Amino acid sequence: MASSSQKGIVITIPVLVLSVSAAAIFLFFLLSSLSSSPCTCPPSIPDSTFTTTAAVVTGGTVVAEVVDRRISVSRDDIEWVKDQIRANGLHMQDNVLRKGINPRTRAQQLEDLNNFKGISHYEGSEANNHTALPCPGELLVEEHHSNYGEPWAGGRDVFEFLAESSRLTANSHVLEIGCGTLRVGLHFIRYLKPEHFHCLERDELSLMAAFRYELPSQGLLHKRPLIVRGEDMDFAKFGSDVMYDLIYASAVFLHMPDKLVWVGLERLVSRLKPYDGSIFVSHNIKFCLRLGGDECTKRLGSLGIEYLGKHTHDSLLFNHYEIWFEFRRSKA
């Protein structure tokens, strides 16, 4: 019986050598990529945290860095600070003279500053050669922080409510009508990209406090906010190419004639992003209600503005709540 022929695959020596060589090269590059550097993947972040990822060069290596963009404090944050106070056995005490601490009012502090300058200071011709941006003493002792009917810290409350209600990101554009000394604006400027915060303000002393003290002392000059001195709701200096995600007025419309408020709304509606952009007005909307309910709705509708409702927001640090009225642009 004839034997059956054995079938198989014949691999020549040259082909075998080339295959082994290719496998060795692939394995070399694979091991090199795994061992060259540790993983730079960002850590996992809770869903409630607003984050962005920025490229940072560290020792010649580009590393992904997670930037925490949370706005409001969390329950865990509040419990943490309470734990720190308890752990250190802290209680409020009378602010009296004690070792190393000499309590003074702002008026006393200003008097000392004018009379004695600083503990170490320049005299004579050198007095004006070492301060890049001399600031008036009234601003240095923060007298302008008492210009409001509530604590300076309330500015943070306003920022948190508006930023979260409007779902702002660092890339958003914000316009404040009447930013004053930047009690609220500082927080927006810090949060937003450079040049993305705009403001119209009429009060000269407030603007001086903003430019000569608040922005420099908070390290925010590089953010280049566009703050314009003006009144009569004239927004011409802001240009026409910016569409705002948020426009707000905190206690400003209370001090304006109703007619001027309507002029401002008419000029602003085309600068607000359709459907997504928001207008927030604090305290009340008597400029509209004084027209009567139906007439108010018609007037807003004729401008392409829709009223969305009333909101309240509690303060973090003192017994107070803000009242805000929300509008949006209802037409493209």
Side-chain angles (χ1 to χ4, degrees), residues 48-52 67-75 77-78 81 142 144-201 203 206-207 209-211 213-227 242 244-254 268 272-273 276-283 308 310-328:
S48 60
T49 303
F50 295 93
T51 62
T52 57
V67 180
D68 188 345
R69 302 204 65 83
R70 287 181 297 175
I71 297 175
S72 295
V73 299
S74 66
R75 291 184 181 273
D77 295 331
I78 294 174
V81 74
E142 299 180 344
H144 58 281
H145 283 195
S146 301
N147 288 354
Y148 302 89
E150 60 190 45
W152 180 262
R156 178 71 193 184
D157 297 322
V158 174
F159 162 73
E160 290 183 2
F161 167 73
L162 294 177
E164 291 188 331
S165 298
S166 305
R167 300 180 180 275
L168 293 188
T169 68
N171 200 45
S172 299
H173 287 84
V174 174
L175 170 65
E176 180 176 4
I177 304 170
C179 57
T181 58
L182 298 179
R183 186 177 72 111
V184 179
L186 285 174
H187 303 286
F188 280 106
I189 294 167
R190 185 177 292 111
Y191 181 78
L192 298 171
K193 288 184 176 180
E195 302 180 5
H196 280 219
F197 178 82
H198 296 178
C199 165
L200 181 69
E201 172 58 52
D203 185 66
S206 294
L207 289 171
F211 283 119
Y213 179 76
E214 293 298 340
L215 290 174
S217 68
Q218 296 292 325
L220 295 174
L221 290 175
H222 69 286
K223 285 302 190 84
R224 302 291 196 275
L226 179 55
I227 302 173
V242 175
Y244 294 106
D245 299 271
L246 168 65
I247 299 173
Y248 71 97
S250 180
V252 173
F253 289 174
L254 303 178
L268 286 172
L272 187 68
K273 287 185 177 179
D276 294 329
S278 299
I279 297 177
F280 279 90
V281 178
S282 74
H283 291 72
L308 296 183
K310 175 182 175 181
H311 308 271
T312 60
H313 179 66
D314 294 337
S315 171
L316 175 67
L317 298 178
F318 61 106
N319 184 9
H320 173 76
Y321 63 89
E322 292 278 339
I323 300 174
W324 290 91
F325 299 85
E326 181 182 6
F327 305 83
R328 73 174 178 182

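Since the structure is predicted, the reported quantities are computational estimates derived from the model, not experimental observations.
Not counting sequence neighbours, the partners of Tyr213 by the ring pair (Phe, Tyr, Trp, His ring centres under 6.0 Å) test are His144. For Ile279, the side chain to side chain contact (heavy atoms under 4.5 Å, CB included) criterion is met by Ile247, Leu265, Leu272, Val281, Phe327, not counting sequence neighbours. For Asn319, there are no side chain to side chain contact (heavy atoms under 4.5 Å, CB included) partners two or more places apart in sequence or in a different chain. Looking at residues two or more places apart in sequence or on another chain, you find a side chain to side chain contact (heavy atoms under 4.5 Å, CB included) between Ser315 and Asp157, Phe318, His320. Evaluation of the side chain to side chain contact (heavy atoms under 4.5 Å, CB included) rule for Leu200 yields Val228, Phe235, Phe238 as partners, not counting sequence neighbours. Residues that satisfy the salt bridge (Lys or Arg N to Asp or Glu O under 4.0 Å) test with Lys273, not counting sequence neighbours, are Asp245. Listed by chain and number, the residues in a side-chain hydrogen bond (donor to acceptor under 3.5 Å, both in side chains) with Asp276 amount to none (sequence neighbours excluded). Residues passing the ring pair (Phe, Tyr, Trp, His ring centres under 6.0 Å) test with Phe159, sequence neighbours excluded: His187, Phe188, Tyr191. Scanning for salt bridge (Lys or Arg N to Asp or Glu O under 4.0 Å) contacts around Glu142 gives an empty result, with sequence neighbours left out.
Side chain of Arg167 to main chain of Glu164: no donor-acceptor pair is present (N/O by atom type, distance under 3.5 Å, no hydrogens or angles).
Looking at every heavy atom in both residues, Ser166 comes nearest to Phe280 through OG-CE1, 3.6 Å. Nearest heavy atom pair, residue Ser172 against residue His196, reads O-ND1, 2.9 Å.
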Side-chain donor/acceptor pairs under 3.5 Å, residues 173-182, sequence neighbours excluded:
from, atom 1, to, atom 2, distance (Å)
Glu176, OE1, Tyr248, OH, 2.6
Thr181, OG1, Tyr148, OH, 2.7

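Identified under the salt bridge (charged side-chain N to carboxylate O under 4.0 Å, His left out) test for residues 310-328, with sequence neighbours left out: Glu306-Arg328. The salt bridge (charged side-chain N to carboxylate O under 4.0 Å, His left out) pairs that include a residue from residues 179-188 are Glu150-Arg183, where partners are two or more places apart or lie in different chains.
Within the 4.5 Å cutoff, the side chain of Ser282 has no heavy atoms near those of the Phe253 side chain. You'll find the side chain of Val242 reaches within 4.5 Å of the side chain of His198, heavy atoms only.
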For this session: Check the pair Ile189, Gln218 against side chain to side chain contact (heavy atoms under 4.5 Å, CB included), reporting the backbone distance first and the verdict last.
Result: CA-CA 10 Å; Ile189 294 167; Gln218 296 292 325; over 6 Å; no
Problem set entry | Test log, rule side chain to side chain contact (heavy atoms under 4.5 Å, CB included), inputs Leu192 and Lys223 | CA-CA 8 Å; Leu192 298 171; Lys223 285 302 190 84; 5.6 Å; no
For this session: Kindly determine whether Trp324 and Ser250 satisfy side chain to side chain contact (heavy atoms under 4.5 Å, CB included), including the steps that lead there.
Result: CA-CA 9 Å; Trp324 290 91; Ser250 180; 3.8 Å; yes
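Rounded to the nearest 0.5 Å, atoms CZ (Phe197) and CG (Leu220) are 11.0 Å apart. A distance of 12.0 Å separates CZ in Phe161 from CD1 in Ile71, rounded to the nearest 0.5 Å. Note: Asp77 CG to Arg70 CZ = 5.0 Å, rounded to the nearest 0.5 Å.
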